[in-house]
Amino acid sequence: MEYFSLKRSNAADRGGLNLSSKVYVRSTKSGKVQKIVRELYLRQDIPCSSNLCRPCLETAPTDYTKKVAPFVLSDTPAGSKNFPNGQYLVPDTNAFLTGMDLFEMETAFHDVIVLQTVLEEVKNRSLPLYHRLIALTKNEGKRFYVFFNEFRQETHIPRDVGETINDRNDRAVRKAVEWYNQHITQAVKTRSKSQMRIPSVVMITDDRDNLRKAKMEKVPAITLADFVFSLENADELLDMMSAAQDQREVRSKKTEVFYGEHYTVSKMMTGVKAGTMHQGIFNVSPYNYLEGSVHVPAFDKSLLILGRENSNRAVSGDVVVVEVLPQDQWKAPSTKIIEEETLNKNDNPEVEDGETIVSERERKALQEEVKRAHGQSSEGKPLPTARVVGIVKRNWRQYVGHIDQGSVRSTSKTSRQQQMVFLVPMDKRIPKIRIRTRQAGELLGQRILATIDSWDRDSRYPMGHFVRSLGELESKGAETEALLLEWDVQYKPFPKTVLDCLPAEGHDWKVPASLDDPGWKGRKNLRDLLVCSIDPPGCVDIDDALHARKLQNGNFEVGVHIADVSHFVKPNNAMDKEASQRGTTVYLVDKRIDMLPMLLGTDLCSLKPYVERYAFSVLWEITSDADIVSSQFTKSVIRSREAFSYEQAQIRIDDASQQDDLTNGMRTLLMLSKKLKQKRYEAGALNLASPEVKVQTESETSDPVDVQTKKLLDTNSLVEEFMLLANISVAAKNYEAFPQTALLRRHAAPPKTNFEELANQLKVKKGLELRSDSSKALADSLDTCVVPEEPFFNTLVRIMATRCMMSAEYFCAGTQAYPEFRHYGLASEIYTHFTSPIRRYADLEAHRQLAAAIEYEALDPSLQSKSKLEGVCKNINVRHRNAQMAGRASIEYYVGQALKGKDITEEGFVMKVFSNGFVVFVPRFGIESLIRLRDLATPEPEAQFDAENYVLKVGGEVNGSVELFEKVNVRITDEVEQSTGKRKVKLTLV
Amino acid sequence: MPLDTSTYSLALLRLDGRRWNELRRIHAQISTQAAADGSSYLEMGNTKVLCTVTGPAEGRQSGQRGGKDSEAKVEVEIGFAGFSGLERRKRKNDKRTAEMQHTLETAYSSLLLTHLYPHSTITLNIHILSQDGSLLAACLNAATLALIDAGIPMTDYLVACTAASSATSSDSDNSDPLLDLNNLEEQELPFLTVGTLGKTDRVSVLICETRVRMERVEGMLAVGIEGCKRMREILDGVVKEYGKKFS
Ligand SMILES: [Zn+2]
């Protein structure tokens, strides 16, 4: 018998393919070391993707559908000073890490080869940058090609003995560039014998050693800066290069350190596990930039982080790990307004010598705080105080701001001298950002977009770089774009791929006339129902319409008809993906940023009057006591008889002479809605006021003319009640059909501690009791918070109570236990959003789930995957919040513009008292504003703060006192706020 | 950070450099253990298995009978080498192992001409030396070779492959089916194992344990069956090569 060895021969038994292996060593959870061997199949058919090359085209891979991916790199790439014949760029990892903004410029950096080696390293170093790089490779105009050099036989290199991974990867990059140059030269020569331009393939690296080796090996290479210098718009581009580059050299000169070192990741993780450290999101107080808080699971109340030293380079929004300080160092939350602008006005961005982290003024401000904290009892009770010991994840984004004039050395517009300036972010919770620029003169007075690159221990402020200018400060265009950027609203026009998903008929689309048309399949014909819509005046995206009629048994049939958006927006096409990204339509004062293209939102989906439209209907049988007998869901076709504004509908209902069926239907709806509302309140639903302000604009110019708070009519709540009812009914139906994946909306009960302060304030100031043990108790006690002589007081309390609430959120049913589904504010055990699919993505998803639940159509797999839906929820929760904030910011801007140059005296109420100022709310304009002691008189008057009674006694010439809830007369003027460059209303006490 | 399967669409290259329709390197031998009635050793990439066949043997102990009166019983036992894979959890009574054993038993019970051996047992012992994806397929292929080596008559070769549906890129719904998965791919992608009989397209084993979109299954099956055909050629080559040594 022959002896068989299990050892295989090394001869490759695969034609054309060569086998290599990659060995990884990784440690397992139990601490053992494991060797992982991975196969690598080396090949010669990975194309260079240059349109100059024919041989590669012949061997280019085809996919399953036999398609060949088009070649990416231009046959006539742009050239530059050093490479007049054109160039393909091959950046190394650091080039992408420091210069991603540059690579994203539309005007420069085309025909770029991204090596696999580099892509892997970028992914290793920064996931956000990796995603941006991947996005670039998909942007056809930029012509970025990913070349899998590690799989191509000629460019694959093993790691030498003793060679570091970095050195090996640098060598792999050089090897690939070398191969590319030979390959392109060869390709051009075989293509035509006559003289042709042969582009150079150029490595971009800032690593000196790598450059030296490249020179030795005759591989074309250049630094990122040198390359940018050789371009035409060099100045603008150079500012965008991450400051990290220059810093490397500067840093070696200075060794002064301002901040404590961050702990290592493993030390933090061990600490968190052991309970000695805590992880949470760092938030900065809007009133005091030196006071932050971190909510961690182990403590009811948020941990306090006071001062720069303790916040140790954390920026609002970062995920941090904190350590609680010994109890004798605990402090009370601030009762003082501290603004960075006023304390550190004179910091010089250039000079770091002799600087300490905490400026002398900051220290003084904080010391006063501490003294007060220790001398006081109830209100000023010290809270668990902590310090940041490390940062788990930076949440840096792009920040909008303006250049601090005081920080600019040379304001000459023509100066091209590089200087360091401060960018003051619009968001007060973000520290000033140091920026190096050559165009300081030009940037003054502009809205600027910038990013933070790093924050080192030896730098008091973070370093960043300029991205672009949005335009002149206070101009409508720049300010609108600024707030859209600040709230991350996608406002670019819809791309062609999205518009391609629209029905080909465009505005001529109609409900098919023939009932045999597939569009009618499974649809109820509800065209005979007397349906109407009631919306704010001028509403063009009509999501919902209603009807009611009496049944023979004495009950009523009520229908809520919602635009059938899911008929037009199919899951996973480009339009759906765009909508899911946007998450919601954003309403600004003069502008609407749609979630869906206009054609759908304002025409085909919109339940316009007098035309037939597809709808998704919820039909109930309801008794005259507003008890639900049965509910039914169906796709339908309706024809709305009228589109009313709230006011028109109200007038029509109130006019007894109108006795037509449509008006009587609305009267029925109104009667039932009042009973539904009554029931909700009995169940403990909250009536929370938030000031809604309307800015009247002249339509042509959209310049604001007047500001007024919105009036609420009975018809407002008519619509609201039935929308709530529809949402609740659909939530229950979807949950029944999809207990794991139904997309729902919950509103958690607020922790008791949230109401402690408000309850105490009401008790001390007005002898009123606020109970918050249940939503019912809260609702009832809010009703008792009245001061007979001041009707607005109750609304004020409700506004303040709203701020103690948790925010509602979308979630996927399988991620929570049923009791957690509860919507606290609405006192409903289950809830979702169904009634506004034109402007909210959550509603669109609910439509799809409901359509599947009633077996109208099959459910798309994306709605069956819990993890995918969780991703959707996470995104739309953020978008929803951002949209609200952007809307508010827009109103704030317009209120500022409307009051421009005016001087009005109005009534206001004191909402919050600090030791050096107070916050006043003006109901007429829905604005609140800070009045500081130093605004009352110059010099700043002396004042005594009685924290227990919320009274601020002001001495000096003012000689009076201000207390919480007090009604005051304020003079309203406008001014441009120094710290943010925004026009804001300014209040002074009369 | 190593890339993941989502980068496939960038250049139609998989994590190990293969195209969508390529098998890994397959290496196989038969009659590797002289003492067994039949044996084989098979590698699909870094997945390595040894298989030995004992039998057909009549009931070993009194009272214990083989199969039913009329046919032989097929028993499969799968064991793991301590160094075979990443997960070193208790393997013995692992549910997944039991399922694989069951799949093999069912497949070979109908494939082998068991009625020729009444009252007897055919035992397959499979030892897994190393795991890197497509484990069930490798077991089936190795078992087929070992059974041929043992000279147990069967209607045709049973050969198997895995096929997956590649991750869709965010901007298109196109997804290529991928053939013969390694471990990394199995962890990230929905996949199935398909076994066919000889040169025909007759599917005799089809296992899919992950959720996969209905419209993707067709492509995955087509690619899997195509892969089985190539696998059969390779195994057939191994058998013939072995035959030559004795002719
Ligand atoms: Zn080529």
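Each chain gets a letter, A, B and so on, in the order its sequence line appears, and its residues count up from 1. These numbers come from the heavy atoms of this one structure, side chains and all, not from hydrogens, waters or symmetry mates.
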Enquirer: Run the ring pair (Phe, Tyr, Trp, His ring centres under 6.0 Å) test against A:F147 and tell me which residues pass, sequence neighbours left out.
Expert: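 With sequence neighbours excluded, A:F147 shows a ring pair (Phe, Tyr, Trp, His ring centres under 6.0 Å) to A:W179, A:Y180, given in chain and number order.
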Enquirer: So B:V223 and B:L178, side-chain contact (heavy atoms from CB on, under 4.5 Å) or not? Walk me through it.
Expert: CA-CA 7 Å; B:V223 166; B:L178 307 180; over 6 Å; no
Enquirer: Please state whether the side chain, the backbone, both or neither of A:Y64 comes within less than 4.5 Å of a heavy atom of chain B.
Expert: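 For A:Y64, backbone and side chain are both near chain B.
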Enquirer: At a 4.5 Å cut-off on heavy atoms, which part of A:P861 comes close to chain B: side chain, backbone, both, or neither?
Expert: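 Answer is side chain: those atoms of A:P861 sit under 4.5 Å from chain B.
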Enquirer: Between A:R43 and A:F148, is NZ or CZ placed under 6.0 angstrom from the six-membered ring centre and within 45° of the ring axis?
Expert: no
Enquirer: Taking side chain as everything from C-beta outward and backbone as N, CA, C, O, which of these in B:L184 sits under 4.5 Å from a heavy atom of chain A? Side chain, backbone, both or neither.
Expert: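 For B:L184, the contact with chain A is made by the side chain alone.
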Enquirer: Could you check whether atom CD of A:E857 has more than 12 heavy atoms from other residues, nucleotides or ligands sitting under 6.0 Å from it?
Expert: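 Counting other residues, nucleotides and ligands, CD of A:E857 exceeds 12 neighbours.
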Enquirer: Under the side chain to side chain donor-acceptor pair (under 3.5 Å) definition, can you give me all pairs with a residue in residues 230-239 of chain B, not counting sequence neighbours?
Expert: B:Y157-B:D236, B:D236-B:K240
Enquirer: Of the backbone (N, CA, C, O) and the side chain (C-beta and beyond), which part of A:I46 lies under 4.5 Å from a heavy atom of chain B, both, or neither?
Expert: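 Its backbone and side chain both get close to chain B.
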Enquirer: Heavy-atom distance under 4.5 Å to chain A: side chain of B:R211, backbone, both or neither?
Expert: side chain
